[in-house]
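Below is the structure I would like to discuss, written out as structure tokens.
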Amino acid sequence: MTDPASLIGLTLEALYVQFGVPEAVYAVRGLEAWQDDVVFVYDRGDFYVYKNRVWQLGVKNAYGIALGEKRPAVSLLAGEDAQDFEDYILVALPSRGWPLMLRINFDGSTVTNATVSAIFIYRPDF
């Protein structure tokens, strides 16, 4: 399986060539107009596109972490360098010409019972 971080930076053309026509397309509004995204939905994940390039990817699993997993196990997998916040964990990924981050969001349960509700790989400089 391809490292999902390698999909960040794809052009629209490359996205279509590699994955075909998306199952769905929707818009995500940001606080500012420049933060608006178009999201292409594929079985592989949700590709967030801004100015003809994928800048963020929402996936069901990555790097041994999957939706629904318990927070304590995810904290171990994330490692010592992870930044642990109340509702999410951030992990810096190896650069591919730009910085990359893994964000693991948790549901609103207590810390020990919280489960992964979303997984994103993105460019924090975008």
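Residue numbers run from 1 in the order of the sequence given.
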Quiz item: Can you list the steps and then say if I121 with L93 is a side-chain contact (heavy atoms from CB on, under 4.5 Å)?
Solution: CA-CA 9 Å; I121 299 160; L93 297 173; 3.9 Å; yes
Would you find more than 12 non-hydrogen atoms of other residues, nucleotides or ligands less than 6.0 Å from D125 atom CG?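 Yes, CG of D125 has more than 12 neighbouring heavy atoms, counting only those of other groups under 6.0 Å.
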_If you compare all heavy atoms of D84 against all heavy atoms of S75, which two are closest, and at what distance to 0.1 Å?_
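That closest heavy-atom pairing would be OD2-OG, 3.8 Å.
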Could you walk me through whether D3 and Y63 pass the side-chain hydrogen bond (donor to acceptor under 3.5 Å, both in side chains) test, one step at a time? CA-CA 8 Å; D3 176 7; Y63 310 107; 2.5 Å; yes
For residues Y26 and Y16: do they belong to one hydrophobic cluster (side chain heavy atoms under 4.5 Å, members Ile, Leu, Val, Met, Phe, Trp, Tyr)?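 No, separate clusters.
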- Between atom CD1 of I8 and atom CZ of R53, what is the distance when rounded to the nearest 0.5 Å?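 Interatomic distance, I8 CD1 to R53 CZ, rounded to 0.5 Å: 12.0 Å.
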- Query: Which atom pair, heavy atoms only, marks the closest approach of D107 to A114?
  - Reply: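 Taking every non-hydrogen atom into account, OD1-CA, 3.4 Å.
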Donor on one side chain, acceptor on other, D36 and Y50, under 3.5 Å =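 Short answer, no.
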Go through L12 and V49 one step at a time and tell me if the side-chain contact (heavy atoms from CB on, under 4.5 Å) criterion holds.
CA-CA 8 Å; L12 277 178; V49 176; 4.0 Å; yes
Note to self: Which residues pass the salt bridge (Lys or Arg N to Asp or Glu O under 4.0 Å) test with K60, not counting sequence neighbours?
What the structure shows: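 Partners of K60 by the salt bridge (Lys or Arg N to Asp or Glu O under 4.0 Å) criterion, ordered by chain and then number, come out as D43.
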Check: With distance as the sole test, does S95 use its side chain to make a donor-acceptor pair with the main-chain N or O of G97 at under 3.5 Å?
Finding: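 Yes: the side chain of S95 pairs with the backbone of G97.
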Open item on the list: Could you work out, with side-chain contact (heavy atoms from CB on, under 4.5 Å) as the rule, every residue matching F85, not counting sequence neighbours?
Closed with: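 If we apply the side-chain contact (heavy atoms from CB on, under 4.5 Å) test to F85, skipping adjacent residues, the hits are Q83, Y88, L90.
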Nearest 0.5 Å, please: how far is OH in Y42 from CD in Q18?
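Between atom CD of Q18 and atom OH of Y42 there are 9.5 Å.
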**Item:** Cluster overlap V54 with Y122, hydrophobic side-chain contacts below 4.5 Å
**Value:**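 Cluster IDs for V54 and Y122 differ.
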message: To the closest 0.5 Å, what do you measure between CZ (R71) and CD1 (I104)?
response: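 Nearest 0.5 Å value for the CZ-CD1 distance: 9.0 Å.
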**Asked** Within a radius of less than 6.0 Å around CG of L76, do more than 12 heavy atoms belonging to other residues, nucleotides or ligands occur?
**Response**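 Result for CG/L76: enclosed.
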With rounding to the nearest 0.5 angstrom, report the CH2 to CZ distance, W55 to F47.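 Here the rounded value is 14.0 Å.
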- [ ] For L100 and A5, work out which heavy atoms get closest and say how close.
- [x]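 Looking at all heavy atoms of both residues, the closest pair is CD1-CB, 3.9 Å.
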>> Are F19 and F40, when compared by the centres of their aromatic rings, separated by less than 6.0 Å?
In response: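 Here the rings of F40 and F19 have centres that are no less than 6.0 Å from each other.
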With side-chain contact (heavy atoms from CB on, under 4.5 Å) as the test, would you mind laying out the steps for V116 and V74 before giving the verdict? CA-CA 8 Å; V116 176; V74 172; 3.5 Å; yes
query: Does the pair R44 and L7 meet the rule for a side-chain contact (heavy atoms from CB on, under 4.5 Å), with working shown?
result: CA-CA 11 Å; R44 176 71 192 251; L7 302 172; 4.1 Å; yes
| query | Considering all heavy atoms of both residues, which atom of S117 and which atom of F106 are nearest to each other, and what is their separation? | reply |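 In terms of heavy atoms, the two residues are closest at OG-C, 3.5 Å.
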Self-check item: Verify same cluster id: M101, V28 (apolar side-chain graph, 4.5 Å)
Solution: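 In one cluster with M101: V28, yes.
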ask   = Would L102 end up clustered with L77 when hydrophobic side chains under 4.5 Å apart are linked, directly or stepwise?
value =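 Yes, L102 and L77 fall within the same hydrophobic cluster.
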Could you pull out the closest heavy-atom pair between W98 and G9, with the gap in Å?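 Minimum heavy-atom separation between W98 and G9: CZ2-CA, 3.7 Å.
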- How far does CG of L10 sit from CG of L57, to the nearest 0.5 angstrom?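 L10 atom CG to L57 atom CG measures 9.0 Å (nearest 0.5 Å).
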State, to 0.1 Å, how close I65 and I119 come at their nearest heavy-atom pair, and which atoms those are.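 Closest heavy-atom pair between I65 and I119: O-CD1, 3.5 Å.
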- R103 to F120 six-membered ring, cation-pi geometry met (6.0 Å, 45°):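 The answer is no; the distance or angle limit is not met.
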